[in-house]
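Worksheet: one structure, shown below.
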Protein chains: 2
Amino acid sequence: MENDELVQNMLLELRRGTLSIAVLSQLSMEEYGYSLLKALSEKGLEVDQSTLYPLLRRLESQGLLQSDWRVVDDARPRRYYVISAQGKTVLAKLKKEWSAMTETIQKMLS
Amino acid sequence: MENDELVQNMLLELRRGTLSIAVLSQLSMEEYGYSLLKALSEKGLEVDQSTLYPLLRRLESQGLLQSDWRVVDDARPRRYYVISAQGKTVLAKLKKEWSAMTETIQKMLS
DNA sequence: TTGACATACTGTACGATATACAGTAATATA
DNA sequence: TATATTACTGTATATCGTACAGTATGTCAA
């Protein structure tokens, strides 16, 4: 593997899991896939459709999100997602651990 | 999957990749597997042997670490690892991206 | 002196996720 | 009316952290 490809791959591994937290934290307000994609992008988290949509489905199948089809203003139907009660519990735990972990690593890097 | 198991699993995914950074950053000084294990543990990063040893081998096979067997003080031979020139370059890039990423996520969580 | 525990490593298999790739289709706009 | 954007579904793949199994030496207390 080439040097740059190696770095890209390690960054991918670094990102793993963070997207789940990001998505859960954003879905206290209802959003559909595409609007969420744009919202994350605005906050500096560039995500591909092929990453986000499977993630939303997985989080819902795990009971952390709820969704339903809805038609707003005669536009095409959209699947709206929102965090579930279980999702809130899980998010709280993840936040806590995430803070502890980043702090530990930060100390090592500096 | 149960709630707690789910959280554990998500934390596992969150940790992914961070260990690589941690190890690279610690190996500016030579260490062998076991001493590194203890050093990481002292800094708050609990790692299993079955995680660290395969990682060291992988990082070496990727050219980011160098190692050699050595006998010190008549003790049993140990494999000493140290970061390579390529490893230093990669680490610098990873550090930069890691900072940017954690900052982005941190903003979302707060 | 022997049994337990810490030290120090190798090897292989597996599961979960992020991404890639492919496809469908409606809506806006130029 | 052609093209870009919006908005999704479905499946396959590579990678890593971990689990599990195994080998073997050094140390220290009972």
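Residue numbers start from 1 in every chain, and the chains themselves are labelled A, B, ... in the order their sequence lines are given, proteins ahead of strands.
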(request) Answer whether the closest heavy-atom distance between the side chains of A:Leu55 and A:Arg58 falls below 4.5 Å. (result) yes

(request) Tell whether B:Arg16 reaches the base of D:dC16 with its side chain through a donor-acceptor pair below 3.5 angstrom. (result) yes

(request) Report the distance from atom CG of B:Leu36 to atom P of C:dT7, rounded to the nearest whole Å. (result) 14 Å

With a 3.5 Å cut-off and sequence neighbours excluded, list the donor-acceptor pairs that the side chains of residues 41-48 of chain A form with protein atoms.
from, atom 1, to, atom 2, distance (Å)
A:Ser41, OG, A:Glu46, OE1, 3.4
A:Ser41, OG, A:Glu46, OE2, 3.3
A:Lys43, NZ, A:Gln26, OE1, 3.4
A:Asp48, OD1, A:Ser50, N, 3.0
A:Asp48, OD1, A:Ser50, OG, 2.8

(message) Check whether A:Tyr80 forms a cation-pi arrangement with A:Arg70 (NZ or CZ under 6.0 Å from the six-membered ring centre, at most 45° off the ring normal).
(response) yes

(message) Which nucleotide wins on minimum distance to the side chain of B:Tyr34, given the candidates C:dA18, C:dA6, D:dC8?
(response) C:dA6

(message) If I take atom OH in residue B:Tyr53 and atom P in nucleotide D:dA19, what distance separates them, rounded to the nearest angstrom?
(response) 16 Å

(request) Counting heavy atoms from C-beta on, name the nucleotide in D:dT18, D:dC8, C:dA18 closest to the side chain of A:Trp69. (result) D:dC8

(message) Could you check whether any side-chain N or O of B:Thr18 sits under 3.5 Å from a backbone N or O of B:Leu14, counting only pairs where one atom can act as donor and the other as acceptor?
(response) no

(message) Can you identify which nucleotide, out of D:dT9, C:dT7, C:dA18, has its nearest atom closest to the B:Lys38 side chain?
(response) C:dT7

(message) At 4.0 Å (heavy atoms only), tell me whether A:Leu37 reaches a base, stays on the sugar-phosphate, or touches nothing.
(response) nothing

(message) Without decimals, in angstroms, what is the distance between A:Leu65 CG and D:dC8 P?
(response) 13 Å

(request) Name the closest nucleotide to the B:Thr51 side chain, picking from D:dT18, C:dT19, D:dC8. (result) D:dT18

(request) Output yes when at least one side-chain N/O atom of B:Gln8 is less than 4.0 Å from OP1 or OP2 of C:dG15, else no. (result) no

(request) Give a yes/no on whether any side-chain N or O of B:Arg79 is located under 4.0 angstrom from OP1 or OP2 of C:dT10. (result) yes

(message) In whole Å, I'd like the distance from the CZ atom of A:Arg78 to the P atom of D:dA7.
(response) 4 Å

Which pairs, protein N/O on one side and nucleotides 11-13 of chain D N/O on the other, fall under 3.5 Å?
none

(request) Check the distance between D:dC16's P and B:Glu13's CD and give it to me in whole angstrom. (result) 12 Å

(message) Could you tell me how far apart A:Leu6 (CG) and D:dC16 (C1') are, to the nearest whole angstrom?
(response) 13 Å

(request) Could you state the atom-to-atom distance from CG of A:Asn9 to P of C:dT17 in whole Å? (result) 18 Å

(request) Could you tell me whether the side chain of B:Met10 reaches within less than 4.5 Å of the side chain of A:Leu59, counting heavy atoms only? (result) yes

(message) Is it the case that C:dT17 (base atoms only) and A:Arg58 (side chain only) share a donor and an acceptor within less than 3.5 Å, ignoring hydrogens and angles?
(response) no

(message) Please determine whether a side-chain nitrogen of the Lys or Arg among A:Glu60 and A:Arg57 lies less than 4.0 Å from a carboxylate oxygen of the Asp or Glu.
(response) no

(request) Write out all pairs satisfying side-chain hydrogen bond (donor to acceptor under 3.5 Å, both in side chains) with one or both partners inside residues 101-110 of chain B, taking only residues at least two apart or from two chains. (result) A:Trp98-B:Gln106

(message) Within the structure provided, determine whether A:Leu37 and A:Gln49 are in side-chain contact (heavy-atom separation under 4.5 Å).
(response) yes

(request) For B:Gln49 and C:dG11, give me the distance from atom CD to atom P, rounded to whole Å. (result) 15 Å

(request) Just compare C:dT7, D:dT18, D:dT15 and give me whichever is closest to any side-chain atom of B:Leu12. (result) D:dT18

